[in-house]
Q: 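Take a look at the following structure, please.
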Amino acid sequence: MALEIKKYNNLDEFSKDGYNLAEHVRRNTVGMPESSKIAYARNVYNETILDSYIVIGRISKEIQQLLNCSNSELKFSMDNMIKNRLAHPEVSDEDYRKIPSIIKNPSKYYKSKTGYDVILFKADEKFYKLVIKTTKNRKENFVKSLHLLNEDRYRKY
C-alpha cells in the first residue's frame with residue numbers, strides 16, 4: 001500500500017516538521033557541502049514525505065500572467081522547506097509566517113530570466129526575497145526559496 005502525500009493545513013505544523021527533518025539532515029551531514037546535504041535528504045526521506053505540502057496562499061492574476069500559469073494556488077513542498085532550512089538557517093518561523101503577506105502585497109517583483117520564476121520582495125522590518133516557481137506544464141506553483149536581504153541588497157533589485 002502506497003503512502004499518501006500529506007497536505008498540511010497548518011503552517012506551524014508544516015514548519016515544525018520541516019525544521020525537524022532539516023535538523024536530522026544537518027546532524028548527519030556535518031562538514032558536507034550544501035548539495036550533498038540536499039542529496040542526503042532526498043536519499044533518507046521518501047517521496048511521500050518530500051512531496052507533502054501546504055497551500056500557503058494564492059498568487060495574484062498579475063503574477064499568474066508573468067508565470068503564464070493556469071492556477072493561483074501557491075504550494076510549499078516539504079522538499080523545498082528542507083532545502084530552504086538547510087541553505088538559509090537564518091530564516092525563522094516568524095519569517096515563514098510572513099509568506100502569505102509577501103504574496104498578497106509584495107513591495108516589488110519581477111520575472112526571472114528562465115521564465116519559470118517570479119521573485120517577490122517585501123520590506124517589513126526585514127527585507128525579504130521570495131522566489132516562486134511554476135512547473136514546466138504551468139499548472140502548479142511552488143515556493144522555491146525565502147531569503148533575508150540587507151537593505152543595500154534589497155535596493156539593488
Q: Could you walk me through whether Phe76 and Tyr96 pass the side-chain contact (heavy atoms from CB on, under 4.5 Å) test, one step at a time?
A: CA-CA 10 Å; Phe76 196 173; Tyr96 287 113; 3.9 Å; yes
Q: Establish whether Ile49 and Val25 are linked, either directly or via other cluster members, by ILVMFWY side-chain heavy-atom contacts under 4.5 Å.
A: yes
Q: Checking Asp12 against Ser15: is there a side-chain donor and acceptor pair closer than 3.5 Å?
A: no
Q: Looking at Tyr116, is Lys133 sitting on its ring face, NZ or CZ under 6.0 Å from the six-membered ring centre and within 45 degrees of the normal?
A: no
Q: One thing to verify: whether Lys126 and Glu94 come together as a salt bridge, which I'm taking to mean a side-chain N less than 4.0 angstrom from a carboxylate O.
A: no
Q: Is it true that a side-chain atom of Ser72 and a backbone atom of Arg58 form a donor plus acceptor pair closer than 3.5 Å?
A: no
Q: Look at Asp93 together with Lys16 and state whether they make a salt bridge at an N to O cut-off of under 4.0 Å.
A: no
Q: Any donor and acceptor pair, going by atom type alone, linking the side chain of Asp51 with main-chain N or O of Ile5 inside 3.5 Å?
A: no
Q: State whether the side chain of Lys144 and the backbone N or O of Asp117 hold a donor-acceptor pair below 3.5 Å, judged by distance alone.
A: no
Q: Determine the minimum heavy-atom distance between Asn80 and Phe142, stating which atoms define it.
A: ND2-CB, 4.4 Å
Q: Please check if Tyr154 and Val91 belong to a single hydrophobic cluster, counting links between Ile, Leu, Val, Met, Phe, Trp and Tyr side chain heavy atoms closer than 4.5 Å.
A: no
Q: Report yes or no: does Lys122 contribute a side-chain atom to a donor-acceptor pair with the main-chain N or O of Asn105 at less than 3.5 Å?
A: yes
Q: Keeping Arg85 on the side-chain end and Leu21 on the backbone end, is there a donor-acceptor pair under 3.5 Å?
A: no
Q: A quick test of your reading: do over 12 heavy atoms of other residues, nucleotides or ligands sit less than 6.0 Å from NZ of Lys83?
A: yes
Q: Is any side-chain heavy atom of Gln64 closer than 4.5 Å to one of Ile59?
A: yes
Q: May I ask you to test the Ile63-Leu120 pair for a side-chain heavy-atom distance under 4.5 Å?
A: yes
